[in-house]
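Read through the structure below, which is laid out as structure tokens, and then see the notes.
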Amino acid sequence: MSSALYLILLFSALWTLSFCGTRQFHVVNETKNWTDAQKYCREKFTDLAIIESQQEMNAVIAVLNGTADDFWIGMRKNYTSWIWSDGSNSSYTYWNTGEPNNGGGDYCVQLLKDSTYKWNDDYCTSPNPFICYKELPLILINQTKTWREALRYCRVNHVDLVSVHTEEIQNWVETAVDYASTANVWMGLRHTCTLNIWFWVNGESMCYDNWAPGNGTGVEDCSGGERTGAVQSGSKKWVSLPEDQRLNFICTIKEF
């Protein structure tokens, strides 16, 4: 494949529907009943916290960081079943021992500070601080692929490999990589040895960077082929790697 054709492919993107994203959780230290908390979250973020896996529950516990309060999340009783604030059914739960125990009626779910934030049902009219979430326009893919395979996967199934051209997007990426199963995670960052420059595959210029020491700022070793960019799962810094390593990767699921 010619270099010109390859660059054209790099900068093209296929649009497809996506069904999930990465949730970024936010603690709100104002006391409100559940309905008012839901309204606040929908106005300022996306909704009251929806937690669908132990990984997401661990992320919530991390942002709470030992805070000594009980917190509303986005689960409420719908007659005999528990549903999330967006109307979806609950497949994951984290109930405290003996919970839920309040029978029928209007009850909502709070995280109990005295039980490592396990779930308890309480009257929805009770005042509590609460946790909102923001739905991010990207998704971590927990598969291992080479950089080119990751690029192709994102463009066929979502929009593109993520391009990180602002600090806000870097913060989104940092949230996503907490769920990674590899030490590094591919981004849409590519180096061209011919021009000795780094560029984003969506065409954005590199006006922001977050390189780890010794990466990305010097002359690249092109003896093994073109270099590609990844973010470290631990430090969240960027590193330069050969494209044939097999890593998790982050796709964008809509334009931003």
Can you tell me which residue pairs pass the salt bridge (charged side-chain N to carboxylate O under 4.0 Å, His left out) test with a partner in [range], sequence neighbours excluded?
range: residues 91-100; value: none
range: residues 165-174; value: Lys134-Glu168
range: residues 72-95; value: Arg76-Asp106

Rounded to the nearest 0.5 Å, what separation is found between the [atom1] atom of [X] and the [atom2] atom of [Y]?
X: Ser163; Y: Ile169; atom1: OG; atom2: CD1; value: 8.0 Å
X: Met187; Y: Leu138; atom1: CE; atom2: CG; value: 12.0 Å
X: Ile51; Y: Thr93; atom1: CD1; atom2: OG1; value: 11.0 Å
X: Asp36; Y: Asn128; atom1: CG; atom2: CG; value: 12.5 Å
X: Lys118; Y: Trp95; atom1: NZ; atom2: CH2; value: 13.0 Å
X: Leu111; Y: Asp114; atom1: CG; atom2: CG; value: 12.5 Å

Checklist entry - How are the rings of Trp119 and Trp84 set relative to one another: parallel (under 30°), tilted (30 to 60°) or perpendicular (over 60°)? => result perpendicular
Checklist entry - Taking the inter-plane angle between the rings of Phe249 and Tyr153 on a 0 to 90° scale, is it parallel (under 30°), tilted (30 to 60°) or perpendicular (over 60°)? => result perpendicular
Is it the case that the side chain of [X] and the backbone of [Y] share a donor-acceptor pair, with hydrogens and angles ignored and the cut-off at 3.5 Å?
X: Trp211; Y: Ser240; answer: no
X: Thr146; Y: Asp244; answer: no
X: Asp121; Y: Asn102; answer: yes
X: Asp70; Y: Lys113; answer: yes
X: Asp122; Y: Val109; answer: no
X: Trp34; Y: Ile73; answer: yes
X: Thr182; Y: Val185; answer: no
X: Asn202; Y: Asp160; answer: no
X: Thr46; Y: Glu135; answer: yes
X: Asn33; Y: Cys124; answer: no

Checklist entry - Do Trp147 and Pro242 have side chains that get closer than 4.5 Å, going by heavy atoms? => result no
Item to check | Student check: side-chain heavy atoms of Pro100 and Trp82 closer than 4.5 Å | outcome: yes
Next on the checklist: So that I know where these two stand, are Tyr94 and Tyr117 an aromatic pair - ring centroids less than 6.0 Å apart?
Outcome noted: no
Checklist entry - Out of Gln54, Glu52, Glu56, which one pairs with Tyr92 under the side-chain hydrogen bond (donor to acceptor under 3.5 Å, both in side chains) rule? => result Gln54
Tell me yes or no: between the side chains of [X] and [Y], is some donor less than 3.5 Å from an acceptor?
X: Gln24; Y: Tyr133; value: no
X: Gln170; Y: Trp238; value: yes
X: Ser181; Y: Asn248; value: yes
X: Gln38; Y: Ser85; value: yes

Checklist entry - Considering the options Val177, Leu136, Val164, Leu161, which one meets the side chain to side chain contact (heavy atoms under 4.5 Å, CB included) requirement together with Ile250? => result Val177
Checklist outcome for this item: Given the options Leu241, Leu151, Val162, Trp186 meets side chain to side chain contact (heavy atoms under 4.5 Å, CB included) only with Leu241
Checklist outcome for this item: So the disulfide bond (SG atoms under 2.5 Å apart) pairs with at least one residue in residues 53-103 (sequence neighbours excluded) are none
Item to check | Sequence neighbours excluded - disulfide bond (SG atoms under 2.5 Å apart) pairs with any residue from residues 159-214 | outcome: Cys193-Cys222
For a quick test of your reading: what N or O donor-acceptor pairs under 3.5 Å do the side chains of residues 60-69 make, sequence neighbours left out?
residue : atom : partner : partner atom : Å
Thr67   : OG1  : Leu64   : O            : 2.4

Next on the checklist: For a salt bridge (Lys or Arg N to Asp or Glu O under 4.0 Å) check, start with the C-alpha distance between Arg227 and Glu243, then their side-chain angles and the critical distance, and finish with the verdict.
Outcome noted: CA-CA 6 Å; Arg227 306 288 291 185; Glu243 67 176 10; over 6 Å; no
